[in-house]
Amino acid sequence: MSIRHGLLALLERGPSHGYQLRAEFDAATGATWPLNVGQVYTTLDRLERDGLVAQDGEPDADGRIAYRLTDAGHAEVSGWFASPVSAKSAPRDELAIKLALAVTTPGVDVLSVVQTQRTGTMATLQEFTRLKMRAGDGDDLAWSLVLDSLVFRAEAEIRWLDHCEARVARASAGRPQNTVAHAPASDRAARR
């Protein structure tokens, strides 16, 4: 998620200073994606430079400056809410990259890598499920939606890992254990 758009969305509620924004972000997401207050202030500086926020009055007694959305900031956050999140803008999927490299790196026990990840993801899924049970159907809809997303993603990751394991096992059939045959890079390049 873009910190930029997250802060703009929070400022849509009204003027706030960086520490308030960080606390509101953590509250809305259950601190699942904790923000560093330095990130918040650096982003606010950029948003101000880009004309999306402006300082709202004088610093408070502690020297903190509140920020408010400008008209351009309101338009930016409205556009963000009205647009789908593109998979192209999603961060790199470290697990997919790790498995892609594992199947192309000699001597790596790919099935062990998959199993280690599955065990970790299952533990994470169990923790999210415990959190959901504790949260119940309370009034904190924002945190509940974040938890739902995390549970669904963990479940999807486990299904994907099952798929990867089956594909690796099929590719490994008839070959020495824990290896997948790969043409050397020079051979692949020559075939193009």
Side-chain angles (χ1 to χ4, degrees), residues 1-10 22 25-36 39 43 77 79-192:
M1 182 189 119
S2 160
I3 295 172
R4 167 188 176 101
H5 287 108
L7 296 182
L8 289 172
L10 291 171
R22 186 186 79 179
F25 185 87
D26 286 351
T29 64
T32 306
W33 300 287
L35 289 181
N36 174 310
Q39 287 177 294
T43 304
V77 76
W80 180 64
F81 279 127
S83 302
V85 174
S86 168
K88 294 176 191 172
S89 65
R92 290 184 187 105
D93 184 337
E94 182 177 351
L95 178 56
I97 293 168
K98 183 178 188 177
L99 288 179
L101 292 172
V103 300
T104 59
T105 302
V108 174
D109 184 347
V110 179
L111 295 176
S112 177
V113 173
V114 170
Q115 185 56 42
T116 298
Q117 183 65 42
R118 181 185 292 110
T119 300
T121 303
M122 285 296 294
T124 300
L125 177 59
Q126 290 168 350
E127 178 59 26
F128 292 151
T129 303
R130 280 192 289 276
L131 287 171
K132 277 188 60 122
M133 290 172 65
R134 275 188 247 145
D137 289 332
D139 294 329
D140 194 353
L141 181 59
W143 173 227
S144 177
L145 291 174
V146 169
L147 272 175
D148 288 343
S149 172
L150 294 170
V151 166
F152 292 146
R153 286 178 192 200
E155 289 171 344
E157 183 170 293
I158 290 167
R159 285 192 309 274
W160 180 71
L161 288 166
D162 291 344
H163 170 79
C164 290
E165 184 176 52
R167 296 238 5 232
V168 168
R170 279 193 309 271
S172 298
R175 294 188 189 93
Q177 186 176 355
N178 300 330
T179 62
V180 177
H182 299 285
S186 58
D187 291 352
R188 287 192 307 265
R191 281 188 244 150
R192 290 184 191 153

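Side-chain contact between Leu99 and Leu161: present, with at least one pair of heavy atoms (C-beta onward) separated by less than 4.5 Å. You'll find the side chain of Trp143 reaches within 4.5 Å of the side chain of Leu131, heavy atoms only. Residues Leu101 and Val108 form no side-chain contact, since every pair of their non-hydrogen atoms from C-beta on lies 4.5 Å or further apart. With contacts defined as side-chain heavy-atom distances shorter than 4.5 Å, the pair Arg159/His163 does not qualify. With contacts defined as side-chain heavy-atom distances shorter than 4.5 Å, the pair Glu165/Gln115 qualifies. In this structure, His5 and Val77 have side chains that are not in contact, with every pair of non-hydrogen atoms separated by 4.5 Å or more.
Distance check, rounded to the nearest 0.5 Å: CD of Glu155 to CE of Met122 gives 9.5 Å. With rounding to the nearest 0.5 angstrom, the OG1 atom of Thr105 is 12.0 Å from the NZ atom of Lys98. Of the inter-residue distances, the one linking Gln117 atom CD with Thr124 atom OG1 reads 8.0 Å to the nearest 0.5 angstrom. Residue Thr121 holds its OG1 atom at 7.0 Å from CG of Leu95, rounded to the nearest 0.5 Å. Annotation: the span from Leu150 atom CG to Glu157 atom CD amounts to 11.5 Å, rounded to 0.5 Å. Atoms CG and CZ, from Leu111 and Arg118 in turn, are 9.0 Å apart once rounded to the nearest 0.5 Å.
Taking both residues in full, the closest heavy atoms of Trp160 and Ala96 are given as CH2-CA, 3.8 Å, listed atom of the first, atom of the second, then distance. The shortest heavy-atom contact between Arg22 and Asn36 is CD-C, 4.3 Å. Counting all heavy atoms, side chain and backbone alike, Phe128 lies closest to Val151 at CB-CG2, 3.6 Å.
Within a 6.0 Å sphere centred on CZ of Arg167, other residues, nucleotides and ligands contribute 12 heavy atoms or fewer.
Within the 3.5 Å criterion, the main-chain N or O of Leu145 finds no donor-acceptor partner in the side chain of Ser149. Remark: the backbone N or O of Asp140 is not paired with any side-chain donor or acceptor of Ser144 at under 3.5 angstrom.
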